[in-house]
Amino acid sequence: MDGTVKSVVFRNDETGFSVLRVTMDGDGAFRLGEKEAMVLGTCAAVWEGEMLHAEGEWVDDPARGRQFKARTITCVAPKSVEGIRRYLASGLIRGIGPTYASRIVDAFGADTIDILDHHSGRLREVRGIGKGRIETIRRSWAAERGTRELMIFTQTYGISVAKTAKIYRRYGPDSIAVIKADPYRLCRDIWGIGFATADRIATAVGLPKDSPLRARASIVHTLQTEADEAGHCWTSEPDLLLHAQELVGISVEILAEALKAEIADGRVVKEEDRLYLKDLWFAERRTAAKLRRMLDAPQSFPPIDPERAIGWWEKRTGFTLAPAQLNAVRTSLRSKVSIITGGPGVGKTTIIRALVDIYRARGGEHRIHVLLGAPTGRAAKRMSESTSAPAQTLHRLLKYNPQTNEFSYNEDHPLPGDVFVFDETSMVDIRLMADLVAALPASATLVIVGDTDQLPSVGPGNVLHDLINSGEIPASRLTEIFRQDSSGLIVRNAHHVNAGEPFETRTGESDFYFIAQEDPAKALSYALDFMTVRIPRHFHLEPMQDVQVLTPMRRNLLGSENLNAVLQARLNGGGAALQRGSTFFRAGDRVMQLRNNYDKDVFNGDIGFVQSVDPSARTLVVLFDGRPVEYRSGDLDELVLAYATTIHKSQGSEYPAVIVLLHNQHYMMLQRNLLYTAITRGKKLVLVIGSHYAVKKAIETNTVRERRTSLADRLKGNGASASAGS
């Protein structure tokens, strides 16, 4: 059938499946005696006003009536004046809305498409369109044309519309040629596209299964997987070749040659028997070298007498430090680089506050400039509130420069400061740590604070553990619990779990509860009821702002994906929505950013609330700490709903109340540091819902998978000589 798209009723940007209201043309409409039809099918791209050709069959749906079920749908730019007007008014082209669409079509009529293709300078003849808007329209129009061709190409390989838009932004009009020349660039360059997709394209464009290009891509992908999934900085050659062979089925001999080629080109570094992605090798070396220089360099200010300073602070605040706290403050005041570690309630915050007060009290010509930072916005906010001093996220402290694609503060342009205090450093991976220390002056004093018993960083490395285990940096470990009251069980149970001991519970009022429920469906029902009804009613907490559901995994009934769906339906189920895959985003939704996006100035783990949704323009705006950030449909794979989140993703955050789901379904993830991390996220209330077996297994399982890193050895001066290709 042929027709014109009157409206896009439904569109899934992940799959391309669309439901279209079509004004039918020619004989098809005459035979049916109808002017409009609903067309269902998959297409690369579609906009209102476009001409459509569909092949398929008519079906009678009992609920929706007669529909055209299309096997193929082809859309092209419209030719009629009214079709062009609707096409341009649909939001397809940036800089053109309904008003300007009418003005442009009134000016150029049926020649409008040709004007946009070949004579866009004539747009200045249209009232209200100036040089800046013409340039915006020109760029957007060219991108739309190129993206449409690319979508037709990528749809065959199951690449979503959203990811296709990212491919075009990266490679531009030459996207198809770039992909055909080396399909494996996609998994290196485009976040969210994996090796399997690139491999499928490579096969389709005729690359042999044992081609050197495929072998080399498998080497890099295997190393990247080791870093992303296991947190390793390096792997051994036998393991690397074995895992790469399992991935692609290429002989070890060909893979060994591919490895040599990757080393020669500098993407892989071999150091004795260890193989690294170059950036991880460089990050470890840079971190160790800079920390050694800082330890050896003189301080930027005259020494502070710890005893006088501590006496001054205790008198000023009326607070007496415990012996372990006294030792930690003394150590940090005497050291260029120092570490403070310990669990919840042991006084880390008090020590930070004392150090900041002491350093900031120094005046005159030796005034000390103190900078505070933490990995997440929530952690930075807590740090600022506890010290009454400004604190920033580490990424914002370094200031990303989109023009250079690098941080503004670096080795050549260090941060202006004398003392740097970084909290929640168990979350900091080796790449971020390298960038951080590179940006510090050698004369700076650095205080590193964190909890080694929490889960390690999501990214590769085990930085806090390695710094302590090196023995080269003075470290103060705090164990005595201070933060507790007569009814407080959160802190005590965190320490019970860390010691391998069962929960402590009591009847009546408390801040910690355990509800045993063996049936996962009932556990889900309990979590829903407590978040939406019982906790708000009994504890006067607002569910959207104050209550966070935590779970070990993304998948299954008690995984974050299903929990988000049911919680959203209960708390925010109505209104306009923008869809990505099976997820609907609505105004009011709590969402989380999944990756660092320096252009938007939002980072992995940041929590925000959807302020507005525009389904016609396929955009939404998210407020992050009150700052609006726009997301187009191609960016939505960076967001997930965050009514519930994985425990790993909750690191660095604290919430007034947390509901922790722990069940036999989570068997593979159950371990002590996971449960410990979950409990320590709650400030006023922790509710654990799950099976006795799951809780017992988590507490008893303390076999933390060791990460392959070399930072501790490098700090000791034991780093081997490296062989990196040119």
Side-chain angles (χ1 to χ4, degrees), residues 154 157-160 163-164 166-167 170-171 175 178-271 273-284 429-431 457-461 554 594-596 604 637-638 705 707-709 723-725:
T154 59
Y157 308 109
I159 298 176
S160 71
K163 290 187 176 67
T164 299
K166 291 187 176 184
I167 293 171
R170 180 64 184 259
Y171 304 136
S175 293
V178 169
I179 294 170
K180 285 183 174 180
D182 182 1
Y184 298 102
R185 284 190 62 176
L186 289 172
C187 56
R188 295 196 299 267
D189 296 344
I190 310 298
W191 185 80
I193 295 182
F195 181 87
T197 300
D199 207 32
R200 196 161 58 246
I201 297 172
T203 300
V205 300
L207 277 179
K209 289 287 186 182
D210 60 352
S211 73
L213 206 60
R214 186 168 185 252
R216 292 181 65 170
S218 73
I219 293 293
V220 173
H221 174 73
T222 301
L223 282 171
Q224 191 64 62
T225 301
E226 290 280 283
D228 293 342
E229 296 183 3
H232 297 316
C233 289
W234 59 269
T235 192
S236 66
E237 185 168 339
D239 280 350
L240 174 61
L241 295 178
L242 174 64
H243 292 152
Q245 187 182 42
E246 289 172 349
L247 176 69
V248 293
I250 296 176
S251 72
V252 171
E253 291 76 17
I254 292 176
L255 290 170
E257 289 302 313
L259 174 59
K260 290 179 183 177
E262 287 298 306
I263 292 171
D265 280 357
R267 274 195 288 263
V268 175
V269 173
K270 184 172 184 179
E271 189 177 59
D273 60 345
R274 301 175 179 186
L275 292 163
Y276 294 80
L277 289 173
K278 185 176 182 179
D279 70 315
L280 294 178
W281 170 80
F282 184 65
E284 277 198 346
D429 64 31
I430 189 62
R431 292 185 177 106
S457 60
V458 175
R554 288 174 50 212
L594 288 179
R595 65 183 290 257
N596 294 337
N604 186 8
D637 60 344
E638 298 183 8
R705 184 187 296 177
R707 295 185 168 193
R708 292 193 287 268
T709 67
S723 171

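Counting begins at 1 with the first residue of the sequence.
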Provide the closest heavy-atom pair for [X] versus [Y] in the form atom of the first, atom of the second, distance.
| X | Y | answer |
| --- | --- | --- |
| Ala198 | Pro183 | CB-O, 3.4 Å |
| Lys166 | Ile190 | O-CD1, 4.1 Å |
| Asn596 | Asn604 | OD1-N, 3.0 Å |

Rounded to the nearest 0.5 Å, how far does [atom2] of [Y] lie from [atom1] of [X]?
| X | Y | atom1 | atom2 | answer |
| --- | --- | --- | --- | --- |
| Thr235 | Leu223 | OG1 | CG | 7.0 Å |
| Glu284 | Asp279 | CD | CG | 11.0 Å |
| Leu255 | Leu241 | CG | CG | 6.0 Å |
| Ile193 | Ile179 | CD1 | CD1 | 7.5 Å |
| Ser251 | Glu257 | OG | CD | 9.5 Å |

Can you sort out the partners of [X] under side chain to side chain donor-acceptor pair (under 3.5 Å), two or more places apart, ordered by chain and number?
| X | result |
| --- | --- |
| Asp228 | Gln224 |
| Thr222 | none |
| Glu262 | Arg216, Arg267 |
| Asp189 | Tyr171, Arg185 |

Within-4.5 Å side-chain heavy-atom neighbours: [X] and [Y]:
| X | Y | answer |
| --- | --- | --- |
| His243 | Thr225 | no |
| Arg707 | Cys233 | no |
| Thr709 | Ile430 | no |
| Val248 | Lys209 | no |
| Asp429 | Val458 | no |
| Glu226 | Leu275 | no |

Pairs flagged by side chain to side chain donor-acceptor pair (under 3.5 Å) wherever residues 190-201 is involved - sequence neighbours left out: Tyr184-Asp199, Asp199-Arg214
For Asp273, all residues meeting salt bridge (Lys or Arg N to Asp or Glu O under 4.0 Å), sequence neighbours excluded: none
Under 3.5 Å donor-acceptor, His221 side chain and Ala217 backbone: no
